[in-house]
Structures are given as structure tokens and as C-alpha cells.
Amino acid sequence: MRLFIKILVIIVIVTFIILQFFQPEKNISTDTNGHIFNQEQIPENVKTIFKNACMDCHSNNTNYLWYHKVVPVAWMVNQHIVDGKDELNFSEWGEMDGYDKIVAIEDIRQEIERKTMPLKSYTLMHWDAKLSDEERAAVFAWLDKKGDELVNAQTE
Ligand code: HEC
């Protein structure tokens, strides 16, 4: 019995080590031309909120912490990034047309208002991503201003 447990533990450890070689591709890019921060005038405090609470999953640059590189956490994190970017990619803001931006602004506002974004699993580990009422208000103020600008530009 003791031998069986020893063998089992060794198998688990070896499997864990082998799995580490199956790393998903890192979400890191040097092309930041189209990034919303380079496209729009955004107040610094709102930028910080987007950076701390959204960019890891909704841009082409994730700030990885050490354990994000450990499989299977690495796979889970990667899935969030792939699915998140599929819905909204702040790095591609420059390639979106006015109408897409209006829809995105609405979606972002709604997700923050409903507190469905940032994801709970994320704020659990990233405390600075938890938004206070003041932070939400600051984001809404910018979103509403930008939204109006975009709508006006469409109807001109
Ligand atoms: C841990 C990763 C992660 C973080 C952080 C995150 N998101 Fe998301 N987001 C996702 C994923 C995954 C989806 C797609 C699946 C879903 O809707 O749950 C998504 C979907 C969305 C959508 C589309 C929702 C829809 O159904 O139309 C919007 C808008 C959005 N996120 C905005 C934000 C904003 C704004 C922030 C920051 C305040 C943020 N997200 C932070 C992972 C994340």
C-alpha cells in the first residue's frame, strides 16, 4: 500500500512537471498604436482604473503574475484573455468605426454598472481591480462624455 501511494505521488508530480511544457502563447504585443490610451484623451484616474481592472483580459498586453505561468492556472487565464478579447479589445480601439465604439461604450458602462466586470475570479486576486462607487462614477463620467461625442459625430 505504501509503495502504491509513493508511485501515485511520483506520477502526479511527473505529470505536473510535463504539463508545464504546454504553455499557452503569451498575450504580449509591442504594437500599441491602436490602443485606446493612444487614441483618446482619457483622465489619468480613469486610465488607471481601466489599466488595473480591465486591460489584462481586454487588450493585447497582459501583466502576468508568477503563478499565471503555472499550468493549469495558465490555461484558465489564457481562456479569459481569449474570450475577453473576443468581446472587447482595447488594443484595437483605433481600428473600430464610430458605431462600434458607441456600442462598446454602452457595453462597458453596462458591465461596470451591473458589477459583472471585472470578473469576480479576477478581483479575488487583484484587489486594486475592485471598483469603488467613486471609481465607477469617474469611469461613467468619461464614458458618457465620450459616448455623446461619438453620437454627435455620427449625426453631423
Ligand atoms: C479576468 C479577465 C477579465 C477582466 C479583468 C475583465 N473582463 Fe470583461 N470579459 C471577460 C470575459 C472572459 C468576457 C466574455 C465572457 C463574459 O461575458 O463573461 C468579458 C466580456 C466583457 C464585455 C462584453 C460583455 C457582453 O456580454 O456584451 C465587456 C463590455 C467587458 N467584458 C468589459 C470589461 C471591463 C470594462 C472591464 C474592467 C472594468 C473588464 N471587462 C474586466 C474577462 C475579463
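Order of appearance sets the numbers: ligands from 1, and atoms from 1 within every ligand.
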Student: About how many Å separate CZ of F90 and CD1 of I108, when rounded to the nearest 0.5 Å?
Tutor: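 If we round to the nearest 0.5 Å, I108:CD1 and F90:CZ are 4.0 Å apart.
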
Student: side-chain contact (heavy atoms from CB on, under 4.5 Å) with L143: which of V46, I105, D148?
Tutor: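 The single option meeting the side-chain contact (heavy atoms from CB on, under 4.5 Å) with L143 is I105.
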
Student: Does atom 15 (C) of ligand 1 have a protein non-hydrogen atom under 4.0 Å from it?
Tutor: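 Under the 4.0 Å cut-off, atom 15 (C) of ligand 1 has no protein heavy-atom neighbours at all.
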
Student: With a 6.0 Å cut-off (strictly less than), is the heavy-atom count around NZ of K26, excluding the residue itself, greater than 12?
Tutor: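 Counting neighbours around NZ of K26, more than 12 heavy atoms of other residues, nucleotides or ligands fall under 6.0 Å, so yes.
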
Student: Working to the nearest 0.5 angstrom, can you tell me the gap between H58 NE2 and M55 CE?
Tutor: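 Going from NE2 on H58 over to CE on M55, the span is 9.5 Å.
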
Student: Suppose we measure from atom 41 (C) of ligand 1 to each protein heavy atom; which comes out shortest, and what is that distance?
Tutor: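 Of the protein heavy atoms, A53 O, 3.2 Å lies nearest.
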
Student: So which protein N/O/S atoms does atom 8 (Fe) of ligand 1 have within less than 2.8 Å?
Tutor: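 Checking every protein N, O and S atom gives H58 NE2, M117 SD.
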
Student: Could you tell me the separation between the CG atom of L88 and the CE atom of M117, rounded to the nearest 0.5 Å?
Tutor: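 Result: 9.5 Å between the selected atoms.
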
Student: Is it true that atom OH of Y67 has more than 12 heavy atoms of other residues, nucleotides or ligands lying nearer than 6.0 Å?
Tutor: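 Yes, because the 6.0 Å sphere around OH of Y67 holds more than 12 heavy atoms from other groups.
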
Student: I need the nearest protein heavy-atom contact for atom 35 (C) of ligand 1: residue, atom name and distance, please.
Tutor: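 Ranking protein heavy atoms by distance from atom 35 (C) of ligand 1, first comes I108 CG2, 3.4 Å.
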
Student: Using the rule that Ile, Leu, Val, Met, Phe, Trp and Tyr join whenever any side-chain heavy atoms are under 4.5 Å apart, tell me whether L150 and W142 fall into a single cluster.
Tutor: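 The answer is yes; both residues are in one hydrophobic cluster.
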
Student: Atom NE2 of H126 and atom CG of L119: how far apart are they, to the nearest 0.5 Å?
Tutor: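 Between atom NE2 of H126 and atom CG of L119 there are 11.5 Å.
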
Student: Which ligand 1 atoms are under 4.0 Å away from a heavy-atom of D83?
Tutor: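 Near D83, meaning under 4.0 Å from one of its heavy atoms, ligand 1 has 12 (C), 14 (C).
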
Student: Can you sort out which atoms of ligand 1 are near D107, meaning under 4.0 Å from one of its heavy atoms?
Tutor: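 Reading through ligand 1 atom by atom, the close ones are 27 (O), 29 (C).
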
